[in-house]
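To start, the structure under review is shown below, and the notes come after it.
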Amino acid sequence: MKTRARFSSLGFVVAAAGSAIGLGNIWKFPYITYANDGGSFVIVYLIAIALIGLPIMLAEILVGRRTQQSPVTAFLHFAKDVPGGKVWSGVGYLGVATGLVILSYYAVVAGWTVYYFGKCLSWSFGGFSDEIAANLGSDFGAFLGNGPVQILFHGLFMAVTVGVVASGIKGGIERVTKLLMPILMTILLLLCIVSVFSPGFGEAIRFLFHVGPIHTEAILEAVGHAFFTLSLGMGALITYGSYLGKEQSIPRDAFLITLLDTVIALMACVVMFSIIFAVPAAERAGTFTKSATILFTTLPRMFYDLPGGVIIAPVFYLLVAFAALTSTISLLEVVASFFIDKLGWGRKKAALVAGSTIFGFGVLAALSLGANSALTNWAPFGQRDAGVFGVLDYFASNWMLPVGGLMTALFVGWVLDAKLTRAELEEGHGAFKFFGLWRFLLRFVCPVAICWIIVAVIGGRAFN
Ligand code: PHE
């Protein structure tokens, strides 16, 4: 039998943190935090990360390392020993499908970051005029509606992602994430330091950590985002866990990944809000819409008002593109490793076929931002999530991830034997003091909280 590829000692943490840290942290989290008035929303999000996210992360990694398999074959591995048998492999298939769905629109947004990196370079060298500033919003709209350009950048991002995954665990994924993650953290740290001197810094901190009233809807949104941002509920960490060595500590690694992801999300908020709150309140109301496009329509203008903006602006979009790439790699790896483990394909063929399929779906998403009216207006779930892009995001975040996370929690908490899960968590770690607490959270707190989300979604609320 072929021995399975392995991450080197730090490789797993870096790759998994790279998966977790992505557009969810830098694009989505600041925007939904702004839309939900910060403060209490952030607190609920942090609680969700600790009580739901971290326990499920431990569960996913332990399944991956125990079985040395990607999701589908991982669940099949247990089939003859557990009640339900092969049925549980459905969770694995759901994960593969989720990876396919998320990546097909995620890579489109990732393409935008590359495009804006190029735009900022041209502004930095050519000058950022008042006219450019005034037209940022309409230019972004025109960019979204330009089908060929959308497909081009989506395709570009997918091609790079395929290249990395095809190069293997150590030579591809580990090498690229080990190169990019330190760059990303350094840039973000620098930006954070710059923002401390921004007149908006104090207000930004107050906004992030004040305690205020909170709506049920915001609680649901925070819990849903906890899944998305930690790459949970679709087997990404089962897959990465399958390349983790037995001498590594799962509890320590999971804790580190969660901590890094959370710190980066908060840092992204500090940077973004320091810029936003530097604008006087009266003016702000007219300038900012609390929308998902804020990263591309408002931030460029703010950047070029800052001292050193000509450098900060392109560097920032490069950072977001790096963060996105280390996440798209993990999404593609879930689909590719299914072909490798279940169908016995070679890695290159698997990466190429999975990548092309996703590119194909992504074309539909890329054309649904204005370029094609039928795709743009398709709204099976109502106008709030109209268009193929909106529908895919809605379906993945609101249904596929929570259901996948729920099933994983039930499987590891109730179906797998406590002796087995304890042994796997303690392998490479030693006695795991929090085992009882972990198992309690997984068996009771996670399922109840997730069921609550699902019921709320059925009640008609889309939480992203
Ligand atoms: N966690 C990534 C982000 O925050 C997105 C992602 C979700 C990646 C699911 C892999 C799996 O951007």
Side-chain angles (χ1 to χ4, degrees), residues 14-33 45 48-49 52-54 56-57 60-61 64 70-71 92 94-113 157-158 161 164-165 173 177 180-181 184 188 221-241 254 257-269 292 295 319-338 354 358 392-405 408 464:
V14 180
S19 167
I21 298 164
L23 294 170
N25 304 56
I26 302 175
W27 167 62
K28 204 166 172 182
F29 184 60
Y31 140 64
I32 58 177
T33 298
Y45 162 79
I49 291 283
I52 301 174
L54 188 53
I56 293 188
M57 182 177 294
E60 286 202 13
I61 301 175
S70 54
L94 177 67
V96 173
T98 311
L100 204 137
V101 170
I102 294 184
L103 188 48
S104 43
Y105 69 87
Y106 195 94
V108 174
V109 183
W112 303 348
T113 65
F157 215 90
M158 280 310 298
T161 307
V164 176
V165 171
I173 298 179
T177 48
L180 295 188
M181 293 310 285
L184 185 152
L188 200 56
E221 186 154 20
V223 176
H225 187 66
F227 272 101
F228 188 86
T229 192
L230 292 175
S231 305
L232 296 174
M234 51 144 309
L237 292 174
I238 297 182
T239 309
Y240 275 14
I257 296 159
T258 307
L259 186 71
L260 282 172
D261 185 77
T262 310
V263 169
I264 298 275
L266 293 175
M267 279 165 73
C269 280
L295 190 65
L319 160 115
V320 187
F322 285 172
L325 180 63
T326 54
S327 300
T328 55
I329 293 171
S330 70
L331 286 159
L332 184 61
E333 177 63 22
V334 171
V335 185
S337 63
F338 161 71
I358 291 165
L392 293 182
D393 188 23
Y394 168 83
F395 200 64
S397 310
N398 294 9
W399 291 97
M400 301 177 95
L401 291 183
V403 169
T408 308
N464 57 5

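Heavy atoms only: backbone and side chains are in, while hydrogens, waters and symmetry mates are out. None of the values given here were measured: they were computed from a predicted structure. Here, residue 1 is the first one in the sequence, and each next residue gets the next number. Note that ligands are numbered from 1 as they come in the structure, with each ligand's atoms numbered from 1 the same way.
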**Study point:** Positive for side-chain hydrogen bond (donor to acceptor under 3.5 Å, both in side chains) with Thr229, one of Asp261, Thr262, Thr258
**Key:** Asp261
Point to revise | Within the protein, residues bringing a heavy atom under 4.0 Å of ligand 1, chain by chain | key: Ser19, Ala20, Gly22, Leu23, Gly24, Asn25, Tyr106, Phe228, Thr229, Ser231, Met234, Ser327, Ser330, Leu331
**Study point:** ring pair (Phe, Tyr, Trp, His ring centres under 6.0 Å) involving Tyr106 - partner list, sequence neighbours excluded
**Key:** none
Check your understanding: Under the ring pair (Phe, Tyr, Trp, His ring centres under 6.0 Å) test, which residues partner Phe227, sequence neighbours left out?
Key -> none
Review point. Within the side chain of Ser231, is there an N or O that forms a donor-acceptor pair under 3.5 Å with the backbone of Ser19?
Key: yes
Check your understanding: When rounded to the nearest 0.5 angstrom, what is the spacing between CD1 in Ile264 and SG in Cys269?
Key -> 12.0 Å
Review point. With sequence neighbours excluded, what pairs up with Glu60 under the salt bridge (Lys or Arg N to Asp or Glu O under 4.0 Å) test?
Key: none
